[in-house]
Amino acid sequence: MADSLPSLTRTLDDQFTETWQEIQTEAIDNILDASPITAMLRRMGVFTTQTGGDIITRTIRYGKKTAAAISEGDVLPQGVPKLKTQARWTWRYIASDIERSVIEDQQNAGKYRIISYVEDRLGAARDGLEEKLEDNFTSAIVTGETGNEMQSLHDLVPPVASRSTGTYGGIARPGAYTTQTNGTAVPTTTNTNPWWGPKYLGASTDPEITLVDDMTVLFNTVSNNKQSPNMIVSDQSLFEKYEGFGQDATQIVKDAGAMAVDLGFTVQRFKGVPWIWTEDFTAEHMVMLNTSFIELVYDPQLWFEMTEWKPIALQGERIAHIFLALNLIGTQPRRHGRLEYS
């Protein structure tokens with residue numbers, strides 16, 4: 001006797017769930033390695049876990065004790081200055097749906113049709129997650145930290161126009177910037193939260209002439225001869241202009257010995273730092289990042305996890321979802337920099 005409709009439905013529910021469980025680890029690798037940004041961040045070890053909790057928090061140390069030179073009879077220094085505060089980020093969620101109908105179930109009920117049917121629908125859901133993650137890393141800044149989208153590199157290192165607007169991690173961004181003699185802009189030390197802002201170089205000269213000099217100035221300013229950026233992200237135009245400068249060919253490689261070579265991403269190096277590009281990045285913009293102070297926080301309990309199948313009311317369709325809980329955070333924005341050409 002042929003299987004009844006309820007039996008066929010349960011069989012396909014189980015087939016989808018079991019197949020996803022079997023391929024989940026490989027699918028995660030494929031999804032995260034599909035984008036040069038996520039692939040590089042994985043290589044840099046910024047993915048960290050947090051199980052549960054309604055927010056993501058980090059203790060931010062920004063103050064320091066000062067010592068004083070004294071002589072006999074002087075009043076000794078005293079007091080307990082405020083040294084730390086707390087940054088708070090909200091979880092962001094991504095979902096990709098898998099939908100099927102009773103008619104499709106019936107038409108794909110054969111032994112070999114079921115396998116193809118399952119692989120096709122799961123593959124479409126995976127493709128949707130790949131595209132969404134890539135978009136999230138380069139999405140526009142939201143100065144009020146509202147909305148559903150994961151916070152992006154543009155939230156971490158805002159464009160010049162937004163660098164003093166709103167909050168990051170619930171902490172107000174620097175209230176003002178000062179232009180230094182080398183042309184870079186740094187947070188004004190006498191204004192709001194100068195320790196919570198990146199460095200900037202807003203260049204108006206043609207990058208085809210000044211790109212290398214501009215990058216050198218920004219890199220050294222961000223480094224402050226202490227901690228240097230270790231990852232650079234830009235649009236395609238600046239990436240290709242750098243190639244056009246005729247730099248040492250050994251600096252333009254498929255990042256030998258690293259994850260990117262296996263994934264086919266071309267990686268240039270500037271001062272030995274890997275530099276990748278993505279087509280979605282703002283035109284003629286670049287960020288220099290220190291990944292020691294960046295985290296992609298995710299909940300392992302809701303990390304590419306598939307829900308149960310649910311009937312859609314008054315329809316012949318059933319639906320399941322693959323969920324992610326995550327956010328991109330940064331604990332020392334001053335360790336990063338942004339180069340903009342207007």
Side-chain angles (χ1 to χ4, degrees), residues 36-37 40-41 43-44 46 138 153-154 156-163 174 176-189 194-258 260 265-279 281-294 330 332-342:
I37 296 177
M40 186 63 73
L41 289 175
R43 171 196 166 186
M44 295 296 187
V46 309
T138 55
L153 294 179
H154 299 307
L156 176 67
V157 189
V160 168
S162 302
R163 66 189 180 189
Y177 275 76
T178 300
T179 301
Q180 302 186 119
T181 55
N182 64 2
T184 58
V186 300
T188 305
T189 56
W195 41 269
W196 201 235
K199 312 296 195 302
Y200 291 88
L201 182 57
S204 57
T205 310
D206 189 341
E208 292 175 341
I209 299 172
T210 65
L211 178 60
V212 173
D213 290 340
D214 291 338
M215 290 181 66
T216 299
V217 169
L218 181 62
F219 186 94
N220 291 340
T221 301
V222 174
S223 302
N224 196 25
N225 214 19
K226 295 176 182 177
Q227 293 201 48
S228 300
N230 60 359
M231 177 177 170
I232 299 171
V233 183
S234 77
D235 72 323
Q236 182 177 353
S237 174
L238 291 183
F239 191 91
E240 292 175 349
K241 284 181 172 65
Y242 184 72
E243 289 185 83
F245 274 91
Q247 300 299 309
D248 184 346
T250 62
Q251 295 287 297
I252 305 172
V253 297
K254 283 191 175 179
D255 210 16
F265 299 128
T266 300
V267 178
Q268 293 187 126
R269 290 182 178 272
F270 177 78
K271 288 182 175 287
V273 174
W275 172 3
I276 58 174
W277 67 272
T278 173
E279 62 182 353
F281 210 73
T282 309
E284 299 205 321
H285 280 221
M286 168 191 298
V287 290
M288 296 183 176
L289 309 171
N290 187 324
T291 60
S292 298
F293 305 99
I294 298 173
Q332 289 196 31
R334 64 193 177 94
R335 302 293 184 183
H336 317 305
R338 189 179 192 103
L339 175 61
E340 294 188 13
Y341 287 95
S342 57

query = Sequence neighbours excluded, which residues qualify as side-chain hydrogen bond (donor to acceptor under 3.5 Å, both in side chains) partners of Thr179?
reply = none
task = State, yes or no, whether a side-chain contact exists between Leu238 and Leu211 at a heavy-atom distance under 4.5 Å.
result = yes
Results of side-chain hydrogen bond (donor to acceptor under 3.5 Å, both in side chains) for Thr216 - residues two or more places apart only = none
task = Taking the side chain as every heavy atom from C-beta outward, state whether Val267 and Met40 have any atom pair closer than 4.5 Å.
result = yes
request  = Kindly write out the residues that satisfy ring-ring contact (aromatic ring centres under 6.0 Å, His included) with Tyr177, not counting sequence neighbours, or none if the list is empty.
outcome  = Tyr200
query = For the residue pair Trp275 and Tyr242, does the interplanar ring angle fall in the parallel (under 30°), tilted (30 to 60°) or perpendicular (over 60°) class?
reply = tilted
request  = Without swapping roles, check the side chain of Asn182 against the backbone of Thr184 for a donor-acceptor pair under 3.5 Å.
outcome  = yes
ask   = Is there a side-chain contact between Gln227 and Phe293, using heavy atoms and a 4.5 Å cut-off?
value = yes
Residue pair Thr221, Val186: steps toward the side-chain contact (heavy atoms from CB on, under 4.5 Å) verdict = CA-CA 9 Å; Thr221 301; Val186 300; 4.3 Å; yes
message = Around atom CG of Asn225, are there more than 12 heavy atoms from other residues, nucleotides or ligands closer than 6.0 Å?
response = no
query = Is there side-chain contact between Gln236 and Thr278, with at least one heavy-atom pair below 4.5 Å?
reply = no
key: Thr210 and Thr205: side chain donor to acceptor below 3.5 Å   = no
ask   = Taking atom types as modelled, is there a side-chain donor on Asp214 or Tyr341 under 3.5 Å from an acceptor on the other?
value = yes
key: Reported CD-to-CG distance for the pair Gln180 and Leu201, which is rounded to 0.5 angstrom   = 10.5 Å
query = Do Gln268 side-chain atoms and Phe239 backbone N/O form a donor-acceptor pair below 3.5 Å?
reply = yes
request  = Write down the atom of Leu339, the atom of Ala203, and the distance for their closest heavy-atom approach.
outcome  = CD1-CB, 4.3 Å
task = Working to the nearest 0.5 Å, report the span between CE of Met231 and CG of Leu289.
result = 6.0 Å
query = So, do Pro194 and Pro174 sit near enough that their side-chain heavy atoms are less than 4.5 Å apart?
reply = no
message = Between Leu153 and Val157, is there a side-chain heavy-atom distance shorter than 4.5 Å?
response = no
query = Asp235: what forms a side-chain hydrogen bond (donor to acceptor under 3.5 Å, both in side chains) with it, not counting sequence neighbours?
reply = none
inquiry  = Assess whether a salt bridge exists between Lys241 and Glu243, defined as any Lys/Arg side-chain N lying under 4.0 Å from an Asp/Glu carboxylate O.
reply    = no
task = Check for a donor-acceptor pair, side chain of Ser162 on one end and backbone N or O of Pro158 on the other, with a separation under 3.5 Å.
result = no
key: Contacts of Arg335 that satisfy salt bridge (charged side-chain N to carboxylate O under 4.0 Å, His left out) - sequence neighbours left out   = none
inquiry  = Check whether Asn230 reaches the backbone of Thr291 with its side chain - one donor and one acceptor, N or O, closer than 3.5 Å.
reply    = yes
query = What distance separates His285 NE2 from Thr138 OG1, expressed to the nearest 0.5 Å?
reply = 13.5 Å
ask   = Can you check whether Asn290's main-chain N or O pairs, donor with acceptor, with His336's side chain at less than 3.5 Å?
value = yes
query = Below 4.5 Å, heavy atoms only, C-beta onward: do Val160 and Arg338 meet side chain to side chain?
reply = no
Qualifying residues under side-chain hydrogen bond (donor to acceptor under 3.5 Å, both in side chains), relative to Arg334, sequence neighbours excluded = Gln332
ask   = Once the angle between the rings of Phe270 and Phe219 is folded into 0 to 90°, is it parallel (under 30°), tilted (30 to 60°) or perpendicular (over 60°)?
value = perpendicular
note = Rounded to the nearest 0.5 angstrom, the OG-CE distance for Ser237 and Met286 is 10.0 Å
